[in-house]
A.B. asks: 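Take a look at the following structure, please.
In the text below, chain A, chain B and the rest are named by the order of the sequence lines, each starting its count at 1.
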Protein chains: 2
Amino acid sequence: MTTPRRSDQTKTAILRAARERFAAHGYERTTIRAVAADAEIDPSMVMRYFGSKEQLFDAALAVDLRLPDLGAVPARQLPATLVRHFVERWEGDPADDALLVLLRSAVTNEQAAARMREVFATQVAPALAAAIGPERAARTAGLVAAQLLGLALTRYLLALPPVAALPPEDLVNGLAPALAATLAG
Amino acid sequence: MTTPRRSDQTKTAILRAARERFAAHGYERTTIRAVAADAEIDPSMVMRYFGSKEQLFDAALAVDLRLPDLGAVPARQLPATLVRHFVERWEGDPADDALLVLLRSAVTNEQAAARMREVFATQVAPALAAAIGPERAARTAGLVAAQLLGLALTRYLLALPPVAALPPEDLVNGLAPALAATLAG
DNA sequence: CTCTCATGTCAACAGCTGTTGGCCAACAAT
DNA sequence: ATTGTTGGCCAACAGCTGTTGACATGAGAG
């Protein structure tokens, strides 16, 4: 029986607007005034509900990769499964900008970088450990993350033409062999 | 016989300080006042010599990857050669921050992103075309760039522990097979 | 109706930003 | 010695930033 406060609506509107701005322009270029305007409320409400710009940012950084149980995936399909999952995650729900927020901000903001490392340590590394065993997991997961983040970087943030233009399925076919080589060790 | 103006010294001091700041903190967090303080001159001098913060930034973005003639490299050694070249390029001369400036800023600054695409189109893609032929060059170069930039991202910007801790030679051994798979197509 | 508290607005603050123009000192050429 | 030019500093501007506190308004409980 959670008491439904009317303000929850406003609060989520702010968070939604904040995610959009942070995802599109990064931490420093995003102003509280702009977020408030998007949410159609006064800037001071942002402070009341989130305390400060930093805390608002922190709330916008919540990310769940929703990785499936990789231990249940046949080794041969592992590379393609990984690429496909992340491509879908990036391109799936346009309203779910959390991943973009994290990556874009982590490059210039230490707070976001720390969160990135945390997501890696608590979500990526363990998931991969279930598939290839704990010994090689850390190192291999690092290299896998490098390749997947490299894809996201060049496709969604830099928009390198050859990478940005590729249809999703070509991405899977193009990167899966490379991932396979890394996973094989 | 270029007349050696005394101000050239100051100008390069400014550019050097600007590169350091841009590389460490990105475009928006870098202030002209801080750059001027590092160069031990007045902020207004920065304006006089470079016109504006944007133009100073533009000057700091000049990058030469110094890629060797990849057509002369045996196909088998191509992957390792590429990884080694870039790792050395990143870690070689600490005073040469241009690469870091470019990558760090390109994520939140469209001007830098455009420069990144330009560097890719004029330096990376042609160099690779010399090694694997022009037909597959663009697409393959894109995927190669994704992997190499992914490495730089996770190692130098995000500092993901497993990637940042790897000795350079392990990076080469770890990523070369993946690159080989991509190059093989 | 009245009291109360949650929800929201308004105006202002202090600080930092890029940028500008006026002024000063040193030096080279006449 | 006088002039013009170059290299440099200082003080100030207008704009935007995060943040704050005082004040209005609405609804719901007694």
A.B. asks: Quick one: do A:Lys53 and A:Glu28 make a salt bridge, cutoff under 4.0 Å?
C.D. replies: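 Judged by the 4.0 Å cut-off on N to carboxylate O distance, A:Lys53 and A:Glu28 do not form a salt bridge.
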A.B. asks: Indicate yes or no: does B:Arg16 engage B:Asp38 in a salt bridge with an N to O separation below 4.0 Å.
C.D. replies: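 Salt bridge absent between B:Arg16 and B:Asp38.
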A.B. asks: Whole angstrom is fine here: how far is it from CD in A:Gln55 over to C1' in D:dG18?
C.D. replies: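 A:Gln55 atom CD is separated from D:dG18 atom C1' by 13 Å.
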A.B. asks: Once you round it to whole Å, what is the distance between P of C:dG8 and CD1 of A:Ile32?
C.D. replies: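 From A:Ile32 CD1 to C:dG8 P: 17 Å.
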A.B. asks: Between the base of C:dC16 and the side chain of B:Thr31, is there a donor and acceptor pair under 3.5 angstrom?
C.D. replies: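 Donor-acceptor pair under 3.5 Å: no.
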A.B. asks: Does any N or O in the side chain of B:Thr154 come within less than 3.5 Å of the main-chain N or O of B:Leu151, such that one atom is a donor and the other an acceptor?
C.D. replies: yes
A.B. asks: Without swapping roles, check the side chain of A:Arg136 against the backbone of A:Ala129 for a donor-acceptor pair under 3.5 Å.
C.D. replies: no
A.B. asks: Less than 4.0 angstrom from a charged side-chain N to a carboxylate O is my criterion; do A:Glu110 and A:Arg117 meet it?
C.D. replies: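 Looking at A:Glu110 and A:Arg117, the cut-off is met.
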A.B. asks: Find the distance A:Ile41:CD1 to C:dT9:P and express it as a whole number of Å.
C.D. replies: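 For the pair A:Ile41 CD1 and C:dT9 P, the rounded distance is 7 Å.
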A.B. asks: Rounding to a whole Å, what distance do you find between B:Gln9:CD and D:dG8:C1'?
C.D. replies: 14 Å
A.B. asks: Specify the residue among A:Met47 and B:Arg33 whose closest nucleotide of DNA chain D lies further upstream toward the 5′ end.
C.D. replies: B:Arg33
A.B. asks: Name the closest nucleotide to the A:Arg48 side chain, picking from C:dT7, D:dT19, D:dC9.
C.D. replies: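 When the side chain of A:Arg48 is considered, C:dT7 is the closest of C:dT7, D:dT19, D:dC9.
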A.B. asks: What is the distance, rounded to the nearest whole Å, between atom CD1 of A:Ile14 and atom C1' of C:dT9?
C.D. replies: 14 Å
A.B. asks: Checking contacts here: which listed nucleotide (C:dT20, C:dG18, D:dG21) is nearest the side-chain heavy atoms of B:Ser44?
C.D. replies: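 Minimum distance to the B:Ser44 side chain belongs to C:dT20.
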A.B. asks: Side chain of A:Asp42 only, heavy atoms from C-beta on: which candidate in C:dT19, C:dT9, D:dT19 is closest?
C.D. replies: C:dT9
A.B. asks: Rounded to whole angstrom units, what separation is found between the CD atom of B:Glu40 and the P atom of D:dC10?
C.D. replies: 14 Å
A.B. asks: Between C:dG18, C:dT20, D:dT19, spot the one nearest the side chain of A:Ser52, thanks.
C.D. replies: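 The answer is D:dT19.
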A.B. asks: Respond yes when some side-chain nitrogen or oxygen of A:Thr10 is under 4.0 Å from OP1 or OP2 of C:dG8, and no when none is.
C.D. replies: yes
A.B. asks: Describe the nucleic acid contact of B:Tyr49 in one word from base, sugar-phosphate, nothing, applying a heavy-atom distance below 4.0 Å.
C.D. replies: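 The answer is sugar-phosphate, as B:Tyr49 gets under 4.0 Å only of primed atoms, P, OP1 or OP2.
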A.B. asks: Can you tell me the distance, in whole Å, between the CD atom of A:Glu28 and the C1' atom of D:dG18?
C.D. replies: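 Going from CD in A:Glu28 over to C1' in D:dG18 covers 14 Å.
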A.B. asks: Could you check how far CG of A:Asp8 sits from P of C:dT7, rounded to whole Å?
C.D. replies: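 Going from CG in A:Asp8 over to P in C:dT7 covers 8 Å.
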